[in-house]
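Both counts, for ligands and for their atoms, begin at 1 and track the order of listing.
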Amino acid sequence: MAQLQLTSLIFVSIFAISSSSFIQPPHPFDPLTETELKLIRNVIKKTYPIGPKHRFTFQYVGLNEPDKSLVLSWHSSPHHSAKLPPRQAFIIARENGRTREIVVDFSSRAIVSDKIHVGNGNPMLTTDEQEAATSLVLKYKPFRESIRKRGLNILEVVARPQRWDGSVTEFKDRFMAPLPKANGTEFCISELKPPFGPALQNAVVLQPNGPGFKIDGHIVRWANWEFHISFDVRAGLVISLASIFDMDMNKYRQVLYKGHLSEMFVPYMDPSADWYFINYLDCGEFGCGQCAVSLEPYTDCPAGAVFMDGIFAGQDGTHTKISNVMCIFEKFAGDIMWRHTETEVPGLEITEVRPDVSLVARMVTTVGNYDYIVDYEFKPSGSIKVEVGLTGVLEVKPVEYVHTSEIKEDDIHGTIVADNTVGVNHDHFITFRLDLDIDGTDNSFIRNELVTKRAPKSAHIPRKSYWTTKRKIAKTEADARVKLGLKAEELVVVNPNRRTKHGNEVGYRLFPGPSSGPLLTQDDYPQIRGAFTNYDVWITLYNKSEVWASGLYADRSQGDDTLAVWSQRNREIEEKDIVMWYTVGFHHVPCQEDFPTMPTLTSGFELRPANFFEQNPVLETELIKLTTTPKCTPTTN
Ligand SMILES: *[C@@H]1O[C@H](CO)[C@@H](O)[C@H](O)[C@H]1NC(C)=O
Ligand SMILES: *[C@@H]1O[C@H](CO)[C@@H](O)[C@H](O)[C@H]1NC(C)=O
Ligand SMILES: [Cu+2]
């Protein structure tokens, strides 16, 4: 009965939306709604007949980034009462073999811009296209025959579009490798048999009073943080307008205007005819949002997590939904926020400890064989930690060997991880676009080099050396290209027009993770396309068209529209609206433990306030209230 009522309620509200005039979502960064996707399709249908038969397909549909100044004046108006910026959608479509860039305006319900893309590269492949390409191969008679010859079941064969040619233009059946057996590759809990591994069943954190955060539409409020969470078919989870409450100033202060995944570059290191082309630009080719998966309560995200769906357009323009594609939860992992035991004052001993709690916004994108867990973690201390966890299944190739002693070649380009199975060497480069706005848009990038100095000669002081900071302001984009690990330096984004009481520029410091820069040569085709990994950190001048590090058109791109090319413009970046790009890199030499599924390997970075607050902003944090759930006592009758 209750369910029936609910259904009719939902029906009424949908009816209201579609029959009345169009209602704009309350936040300028809210993802496109089902109603909006319908409207886009209807508007475009007036100009173009839609569908593969008419050779018109939607390759990307997303929010057309509203003008930043309009968003900021809306955001800073009391209770967000100012007029919302015009709402528009940006569409990349294939029409009769051409790529079109279309902007649809919602209030005028019209196409306001329509351009044909000239230049290299192609839009993201839709799921339908990937399936079509795959089935072309699986239906191809000589291919089916080759599978039969190997004693395999075609229904268990996976084919994947590898972005080099297009369809079946050529078929080669070159050699038969002994097929790896499926022995020991089972990973479904329902199929696994005892003895089981380490016992973890008691490690559970429950939130009997519910989570401590509030979600209002797409705005998340928790502790001293407020941010907006959204979903894009190419980037996946998008954080915007993240600001932190400053108790001294009694107001929210801007930190991150927008932050999201920009690209994932995964080149493999086997240059043979069968493997040389295996290099992926996951977000640009397959869509890191399109490949995102529904998260499972209690396993993908802990108890108390709140889930959100991702809605986007399929290739015919109708909406597709990935339910529970993002989750938000409080993380309490037994870490210490800060502590001190005062032992130096005689007769006095004080211990103060504050346990750490943070808020995590998570998505998991499964691009083919790999699963990437992407976490944005907000800490009450003002830190934003971005973490990428790699798990899933290795990309493997069959070999005739079962033991290292049998290897005849110089290089098998990987590691024998199981009988007749080599896990091939490769990299994972995960590039984030971070549009930091520290207390406003006009920021500078400071490289504080730590330099060793000789101590002044003195008869009384035996010290010979010390280090001190040498401050360098990055004046241009070239000054801001950073390869980590070459120098000891502090990287800080500051607002030079805002200072603390003590005169320090307010800022946020980048605490990088381990650096793993690219090892391919600069003249190698994959590296030309992946040139945005040539530096670990880049700063560019804000430009709303420069969002995707691999270029707007990553598929079969030629590297002429990457972050590396934009940086070559060498624009001035001092006291400007600037964007930071950070690449989390992994060189992956597979090992046996990575097989058949790989235990999560994590890396990331942290953005941490540096002279942003007047003092430790979590000094006055109260202790966590411990709540114990009442034990169930068996009732006796
Ligand atoms: C699978 O592997 C286990 C352990 O290595 C071995 O005892 C068993 O005989 C294997 N089974 C098959 C069917 O090869
Ligand atoms: C913004 O970026 C686009 C794409 O790279 C470029 O064509 C355009 O010239 C840039 N605009 C400015 C003002 O730099
Ligand atoms: Cu890997």
Chemist: If you look only at pairs with a residue in residues 596-606, which of them pass as a side chain to side chain donor-acceptor pair (under 3.5 Å), with sequence neighbours excluded?
Modeler: Ser383-Glu606
Chemist: Establish, from distance only, whether the side-chain atoms of Asp371 and Thr366 form a donor-acceptor pair under 3.5 Å.
Modeler: yes
Chemist: Which protein atoms of type N, O or S are found under 2.8 Å from the Cu ion (ligand 3)?
Modeler: Tyr370 OH, His426 NE2, His428 NE2, His588 ND1
Chemist: Salt-bridged, Arg569 to Glu546, with N to O below 4.0 Å?
Modeler: yes
Chemist: So that I can tick it off, tell me whether Lys331 and Asp375 are bridged by a salt bridge, with the cut-off set at under 4.0 angstrom between side-chain N and carboxylate O.
Modeler: no
Chemist: Distance under 4.0 Å, heavy atoms only, partner ligand 2: which residues pass?
Modeler: Asn543, Ser545, Glu546, Trp566, Arg569, Arg571
Chemist: Does a salt bridge link Asp274 with Lys397, judged by any charged N lying under 4.0 Å from a carboxylate O?
Modeler: no
Chemist: Any chance you could lay out the side-chain contact (heavy atoms from CB on, under 4.5 Å) test for Lys385 and Val360, step after step, and finish with the verdict?
Modeler: CA-CA 9 Å; Lys385 272 176 90 171; Val360 176; over 6 Å; no
Chemist: Got a salt bridge between Arg433 and Glu65, using NZ or NE/NH1/NH2 to carboxylate O under 4.0 Å?
Modeler: no
Chemist: Between CG of Leu552 and CE of Met124, what distance do you get to the nearest 0.5 Å?
Modeler: 11.0 Å
Chemist: Report the residues that fulfil ring pair (Phe, Tyr, Trp, His ring centres under 6.0 Å) with Tyr376, sequence neighbours left out, ordered by chain and then residue number.
Modeler: none
